[in-house]
Amino acid sequence: MTNLINKDGLSVTNNPRAIHEELFRGTGSVMGTGAAIFMQNESITEKYIVISKDNGLEPPTDQRFVAGRYKEALELFQQWLKD
């Protein structure tokens, strides 16, 4: 199982509910080996979920989703953690 941490360096369980709670009610950021998922506030009403992938060799890759597409964003984040 992949070890995940939040913005404060505290451990986050690798399951959809724990990640959702951390993004929307916690620090707004979850990081794992080579991938991160975090909330980005564009304005008061516009929130995005950003997934970033960094393998250390190529420039980081980012993908943005509107907050309502959490399920798709989580699937991509989990896939990037496995890569």
Can a salt bridge be assigned to the pair Arg64 and Glu42 using a cut-off of 4.0 Å between side-chain N and carboxylate O?
yes
Assigning hydrophobic clusters by single linkage (Ile, Leu, Val, Met, Phe, Trp, Tyr; side-chain heavy-atom cutoff under 4.5 Å), is Phe77 placed with Tyr70?
yes
Side-chain touch Asp62/Ile51, heavy atoms, less than 4.5 angstrom
no
Looking at Thr33, Leu4, Leu76, which one forms a side chain to side chain contact (heavy atoms under 4.5 Å, CB included) with Leu81?
Leu4
So which heavy atom on [X] is nearest to which on [Y], and how close?
X: Asn55; Y: Leu57; answer: OD1-N, 2.9 Å
X: Ile37; Y: Leu23; answer: O-CD2, 3.6 Å
X: Ala67; Y: Ile49; answer: O-CD1, 3.8 Å

Hey, what do you get for [atom1] ([X]) to [atom2] ([Y]), rounding to the nearest 0.5 Å?
X: Asn3; Y: Thr13; atom1: CG; atom2: OG1; answer: 10.5 Å
X: Lys71; Y: Phe65; atom1: NZ; atom2: CZ; answer: 13.5 Å
X: Leu74; Y: Gln79; atom1: CG; atom2: CD; answer: 11.5 Å

Any side-chain to backbone donor/acceptor pair from [X] onto [Y]? Under 3.5 Å, distance only.
X: Asp8; Y: Leu10; answer: no
X: Gln40; Y: Lys47; answer: no
X: Asn41; Y: Ser43; answer: no

Apart from Met31 itself, which Ile, Leu, Val, Met, Phe, Trp or Tyr residues share its cluster (side-chain heavy atoms under 4.5 Å, direct or through members)?
Ile5
After noting the C-alpha distance and the side-chain angles of Gln63 and Val50, does the key distance pass the side-chain contact (heavy atoms from CB on, under 4.5 Å) rule?
CA-CA 6 Å; Gln63 184 82 28; Val50 179; over 6 Å; no
For Lys53, I'd like to know if atom NZ has over 12 heavy atoms of other residues, nucleotides or ligands within 6.0 Å.
yes
What verdict does the side-chain contact (heavy atoms from CB on, under 4.5 Å) test give for Trp80 and Thr61, after you've listed the backbone C-alpha separation in whole Å, the side-chain angles of each residue and the deciding distance to 0.1 Å?
CA-CA 10 Å; Trp80 284 0; Thr61 303; 4.1 Å; yes
